[in-house]
Protein chains: 2
Amino acid sequence: MDSVTTTPPPRQPRRDATENREALLAAARAVLNRDPAASLEAIAAAAGLSRRSVYGHFSNRDDLLLELVTSGSRRVASALETVSHSDPLTRLALIASHLWIEVESVRVMAVVALRGPLASHTVGALGPVRREVREAIRAGQANGTMRPDIPVDRLARLVEDTALSVLEESTEHAIGAGEGHRLVMLMTLGAVGLGWRESHEFIAETPELTWSGE
Amino acid sequence: MDSVTTTPPPRQPRRDATENREALLAAARAVLNRDPAASLEAIAAAAGLSRRSVYGHFSNRDDLLLELVTSGSRRVASALETVSHSDPLTRLALIASHLWIEVESVRVMAVVALRGPLASHTVGALGPVRREVREAIRAGQANGTMRPDIPVDRLARLVEDTALSVLEESTEHAIGAGEGHRLVMLMTLGAVGLGWRESHEFIAETPELTWSGE
DNA sequence: AATAACTTGCACAGCACTGTGCAAGTTAGG
DNA sequence: CCTAACTTGCACAGTGCTGTGCAAGTTATT
């Protein structure tokens with residue numbers, strides 16, 4: 001009668017289950033980008049599942065969003081790890097450039113960051129990027145390469161908004177990968193004070209900024 | 001028994017009632033700017049009224065929003081009526097400048113324009129402004145004063161976003177009226193390709209763009 | 001083929017919100 | 001001061017969402 005510790009030999013999780021989990025995350029990414037307040041019903045449907053089975057993968061609505069945000073922030077963070085350049089202008093352009101490569105992740109975070117219990121989490125996740133941007137701008141102003149007529153913090157926020165605008169634009173009105181990459185950099189450089197000719201010259205003469213993707 | 005057509009001499013609407021109506025609109029403006037999905041309860045409370053009495057002034061939630069948007073668009077439209085200048089760059093800067101004066105109206109429309117049945121109405125209301133912006137940019141590019149490296153429509157949308165970013169920034173982080181006015185113009189000019197020095201020069205040598213408010 | 005893993009549909013409780021009716025109050029205006 | 005105009009609180013129906021339990025099905029794995 002010692003059926004107590006009969007190790008119930010647990011099977012492996014089924015393959016299709018994890019696939020569905022991924023599908024849910026992907027669907028959430030897509031749907032929430034269109035409507036940040038979309039219901040689980042809508043998300044599940046987009047993933048080809050029923051609302052009920054969402055709860056087989058995530059305990060909560062917030063749990064799902066949390067996963068979206070944290071996985072997104074991980075991607076962005078790791079994408080920005082490689083960014084480090086002595087020239088602040090190049091550094092800023094590189095940040096913009098690398099963000100472009102992670103558009104989806106960034107947008108998800110921006111979209112979900114609106115209100116609710118996730119807000120704190122998202123700003124936390126985006127924090128490091130923010131700091132890098134601010135720092136690059138500070139250096140750039142000291143450097144004389146960026147406009148000194150707007151206080152660092154304010155300019156940093158405006159630059160962030162600029163980049164986000166381009167990322168949004170890029171998903172709402174189709175744009176080639178290389179084109180988008182060029183556009184983020186152009187507008188970011190413009191925001192810190194460069195004229196459009198200057199921006200082009202700068203990009204042209206800075207090999208690190210060349211698009212080498214897709 | 002002919003008490004039928006005894007004209008029931010109707011009184012005038014009470015003064016405080018119309019005041020409350022205004023208070024509701026003002027509260028809605030303020031509250032919805034923080035949370036676009038705020039409840040009528042929240043709005044009414046901010047106006048010092050009960051949720052129930054909202055329905056004494058507006059038949060619907062949408063009715064309230066509709067009024068916000070249309071009154072806002074009327075203000076913006078009339079503010080932009082005076083804008084007309086042969087030089088496209090000046091014209092664009094003037095649009096930005098005049099928008100600044102109507103910040104609140106613009107922001108309300110932008111915020112409420114998200115989804116729902118109001119979307120069509122708001123884009124309609126903002127339509128004329130959009131067209132003016134687009135036209136100024138087209139002329140500016142032909143002119144050689146604005147960057148030709150981005151197609152008109154795309155650039156127009158980016159300029160709109162830039163202006164909105166500044167307006168948002170201005171309400172989220174306090175800024176003087178004159179300062180804000182200067183900032184919208186600077187960033188708008190930057191978006192169409194001017195370097196920061198150029199922008200300053202341009203504003204300095206264009207008397208129409210001088211701040212004469214408050 | 002056996003079985004655990006997974007999905008589904010349905011039913012239900014709960015919550016937050018809108019919109020309405022009504023009776024009782026308060027207040028501005030004639 | 002009288003009365004209509006306005007506000008309020010409460011109750012109630014309706015809607016759309018979340019989260020859960022459960023029984024019945026389907027499917028991957030061994």
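These values consider heavy atoms only, across backbone and side chains, with no hydrogens, waters or symmetry-generated copies. Reminder, nothing fancy here: chain letters follow the sequence lines and each chain counts from 1. Since we're looking at a predicted model, the values are computed, not measured.
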Could you state the atom-to-atom distance from CG of B:Asp63 to C1' of C:dT18 in whole Å?
14 Å

Find the distance B:Arg52:CZ to D:dG9:C1' and express it as a whole number of Å.
10 Å

Please give, in whole Å, the distance from C:dT8 C1' to A:His57 NE2?
12 Å

With respect to the phosphate group of D:dT7, does any side-chain polar atom (N or O) of B:Asn20 fall under 4.0 Å of OP1 or OP2?
yes

Identify which nucleotide among C:dG29, C:dT20, C:dT8 has an atom closest to any side-chain atom of A:Leu49, counting heavy atoms from C-beta outward.
C:dT8

Could you state the CD-C1' distance from A:Glu19 to C:dA5, rounded to the nearest angstrom?
14 Å

Proximal nucleotide (of C:dC6, D:dT8, D:dA5) relative to the B:Ser53 side chain
D:dT8

What I want to find out is whether B:Glu160 reaches B:Arg157 closely enough, with some N-O distance under 4.0 Å, to be called a salt bridge.
no

In this structure, which one of B:Arg29, B:Arg21, B:Arg74 forms a salt bridge (charged side-chain N to carboxylate O under 4.0 Å, His left out) with B:Glu67?
B:Arg21

Minimum-distance nucleotide (side-chain atoms of A:Ser39 versus D:dC17, D:dC6, C:dT20)
D:dC17

Please confirm whether the shortest side-chain N or O distance from B:Arg61 to OP1 or OP2 of C:dG19 is below 4.0 Å.
no

Between A:Arg51 (CZ) and C:dT7 (P), how many Å, whole number?
15 Å

How would you label the contact of A:Arg14 with the nucleic acid (heavy atoms, under 4.0 Å): base, sugar-phosphate, or nothing?
base

Within the structure, does a side-chain N or O atom of B:Ser50 lie under 4.0 Å from either OP1 or OP2 of D:dT8?
yes

Looking at A:Glu19 and A:Arg15, does any basic side-chain N land under 4.0 Å from a carboxylate oxygen?
yes

